[in-house]
Amino acid sequence: MPRFELLSPSLHAKLKIKSENVPHFTPVVTSEFFTAAASCPIMLTKEAETGRFYAGVVLSLKPGEPPLKTIEERGGFNPLSLQCSGFYISENNIVVDRDSPRFSDSEGGQLFTDSLQPGDNLRQIQQALGKYHAGIEMTQIFIRSLSELKLIEPVDMSLKFDNGERLTLQGLYTVSLDAIRDMDDATALTLFRAGHLELIYVLAASLQHFNVLAHLRNQQIIQSKKLN
Amino acid sequence: MNPVKCIVIVGGGTAGWLTAAVIAAKHKSRMPAGFSVTLVESPNIPTIGVGEGTWPTLRSTLSRIGVSETDLFRHCDASFKQGAKFVCWTTGEPKDAYFHPLMLPQGFSQLNLVPHWLHQKNGQSFCDAVCPQARVSEEGLAPKTISTAEFDAITNYAYHLDAGKFAQFLQKHCCEKLGVKHLLADVQEVKLKDNGDIRSVITAQAGEIEGDLFIDCTGFKALLIGNALGVPFKDCNDILFCDRALAVHVPYESELSPIASHTISTAQSAGWVWDIGLPTRRGVGHVYSSQHISDDAAEQELRAYIGPAADQLSLRKIDIRSGHREIFWKGNCVAVGMAAGFLEPLEASAIVLIELSAKLIAEQMPVCREVMDVIASRFNATTEYRWGRIIDFLKLHYALTKRKDSAFWRDNVLPETIPKRLQNLLLLWRYQSPWFHDEFNQVEEIFPAASYQYVLYGMGFQTEIELESLTGDSKMAERAMRENLAQTEKLRGGLPYHRDLIRKIREQGLQSV
């Protein structure tokens with residue numbers, strides 16, 4: 001159960017924050033699509049609770065494994081959802097989940113300066129939170145229109161590695177380029193004017209990064225074999 | 001050449017609208033070239049909501065006609081059906097019950113598990129040994145989750161629904177999306193051509209309506225196929241005795257009461273009670289043989305089944321006539337739904353027969369009158385086969401009973417009431433269990449061998465087994481049963497409660513992929 005507290009200098013003067021634990025898949029918003037798509041596959045998947053689609057980037061190919069690319073290798077792309085993890089917005093206030101593993105009393109950097117002003121890392125998080133929340137609604141609109149126009153299709157992917165391991169990725173969806181081609185002119189124009197068409201192509205093209213991620217993971221496997 | 005372009009369906013209700021939808025969806029691209037589907041419906045005849053149970057085939061039918069499953073749940077008071085539980089059919093004793101699920105036994109395409117299960121004799125029911133569905137459904141779980149796509153299943157399922165709302169739902173879809181013309185008019189006269197075909201129907205409100213192909217969906221009245229064309233009705237009450245039904249809507253105790261995800265059919269002294277859980281109410285009814293019990297006594301049994309909740313409820317009496325037309329397609333007229341025939345709703349066969357007939361008509365739609373008789377005779381052969389197999393399968397439930405407590409059950413096992421084909425199969429099955437070579441080989445076979453297995457061994461039927469014949473695939477059988485156990489546990493942990501899922505679908509919708 002999350003334990004939410006309104007962020008306040010008095011209450012959280014000594015609270016420290018570590019760098020986030022990077023999961024293999026994390027949500028992204030449409031304003032991040034262009035930078036994200038330069039280094040990672042952007043995929044759609046369903047929320048377990050509601051069945052609704054959301055967009056996310058694939059950072060590693062198996063849950064529990066560290067990212068296959070560093071932030072630098074991703075051209076500096078660091079998903080907003082990760083930057084904000086542990087922090088939420090509630091009616092213009094920042095709320096923290098004290099049970100998030102990011103927070104600590106001993107490790108990491110302080111959120112507030114000794115004079116109880118927001119420190120650099122908190123300022124960055126504030127900015128990221130703002131962008132992320134503005135982006136969530138836009139992303140929902142984008143995905144709703146994909147869903148209504150029936151442009152979403154499931155992706156079945158099975159990857160084979162040199163150690164014989166086979167990974168099957170399930171529950172991932174992308175945009176169907178065939179369905180885009182079958183679209184009538186009026187719909188296409190509406191999507192273009194809404195700024196959705198460019199997002200669609202970026203999303204579809206980013207699928208190619210799976211080849212790179214699979215290659216990187218295979219290299220790691222070969223490396224670790226050599227070391228042993 | 002006399003092209004067939006103008007299809008006239010007489011009668012609304014589930015049969016009329018479902019047939020209209022299936023034909024219009026299949027032939028939509030021909031509409032600009034003059035193909036039309038018109039449905040003529042009396043503004044004065046209330047539709048009988050036949051049965052509220054359906055078959056898994058309805059999922060593909062609905063998907064094909066382009067409706068959304070989310071809308072079905074929002075507008076038709078629909079719930080998920082994962083099979084049927086038959087209570088008191090074998091001995092009538094308190095714990096007498098078995099389950100007929102909609103999933104096939106594990107590994108069914110490769111392996112017949114019956115002899116292996118018979119050999120084990122470890123007290124586990126056949127259904128639970130080979131399939132997870134009874135456990136899932138008995139625990140009140142749904143057959144999928146909110147993130148499963150529309151019409152996709154985790155465990156196979158059909159629907160329970162409010163048939164009246166379903167017909168309205170289809171009507172709206174037909175008229176708004178599929179280009180079906182809807183006329184509210186009473187048919188007063190059917191005009192024939194010299195060759196015996198129907199030329200037109202004369203209506204009070206819309207005048208004369210001509211057509212190339214007429215589809216009779218007028219229910220028990222059978223205005224076209226029966227009245228106008230004189231095709232006789234073939235009774236089967238010498239096999240299936242039930243000829244009357246009492247129906248009632250029973251409210252739930254609370255809004256949170258669990259919704260059963262299977263039909264519960266409980267045998268009585270001279271018939272049986274159906275119990276179908278919809279999200280807002282239960283549909284309950286007693287089907288009985290008026291030869292064996294009086295209406296009053298039948299009502300008492302029904303009220304006793306429902307309990308104190310029944311006190312305030314009024315019942316609706318429905319006369320049923322079991323049987324079907326001698327032929328279903330004559331000249332340029334084909335009957336679908338109750339105009340074609342009716343059988344007690346023991347295995348929810350009404351709507352599936354409508355679907356299959358409509359599909360057959362749509363797929364084999366004769367291009368011109370000259371070839372119609374060829375299609376008609378195919379249609380008649382297939383449809384008669386289907387009715388025959390359903391009658392056999394319904395009779396199986398009665399023929400296997402060990403009950404002797406009333407004349408109804410004693411009469412049901414008299415050999416002269418059991419169709420010859422079924423008698424032969426029952427003889428065969430004493431020495432080998434039902435399998436693919438048992439003639440269940442038609443395309444779109446109504447009941448596969450698996451259904452016979454579930455009923456036979458649910459009702460304690462004994463088949464001799466030859467131990468030597470088991471060794472060949474005993475390893476495979478062990479594995480299949482182990483997998484079944486693992487799958488059952490996995491599903492029990494991963495599926496939501498039936499009522500919770502329906503609420504979520506109504507609120508949030510399912511995704512189309």
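All values below come from the heavy atoms of this structure, side chains included, with hydrogens, waters and symmetry mates left out. First the proteins, then the strands, lettered A, B, ... as listed; each starts at 1.
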| said: Hydrogens and angles aside, do B/H160 and B/T263 bring a side-chain donor and acceptor to less than 3.5 Å of each other? | reply: yes

| message | Under a plain distance cut-off of 3.5 Å, with no hydrogens placed, do B/S60 and B/S63 share a side-chain donor-acceptor pair? | response | no

| message | Among A/T50, A/I152, A/T45, which residue has the highest count of heavy-atom pairs closer than 4.5 Å to chain B? | response | A/T50

| query | Between B/S512 and chain A, which part of the residue has a heavy atom less than 4.5 Å away: side chain, backbone, both or neither? | reply | side chain

| request: Before giving the answer on side-chain hydrogen bond (donor to acceptor under 3.5 Å, both in side chains), spell out for A/T187 and A/T190 the whole-Å C-alpha distance, their side-chain angles and the decisive distance to 0.1 Å. | output: CA-CA 5 Å; A/T187 315; A/T190 317; 5.8 Å; no

| task | Please flag which part of A/Y173 lies under 4.5 Å from any non-hydrogen atom of chain B: side chain, backbone, both or neither. | result | side chain

| note | Applying a strict 4.5 Å limit to non-hydrogen atoms, the region of A/E47 in contact with chain B is backbone

| How about B/F73 and B/F80: are their ring centres within less than 6.0 Å of each other? | yes

| So which of B/Q511, B/E507, B/K504, B/Q508 has the largest heavy-atom pair count under 4.5 angstrom toward chain A? | B/Q511

| message | Using every non-hydrogen atom in the two residues, find where B/S257 and B/R499 come nearest and quote the distance to one decimal. | response | O-NE, 2.5 Å

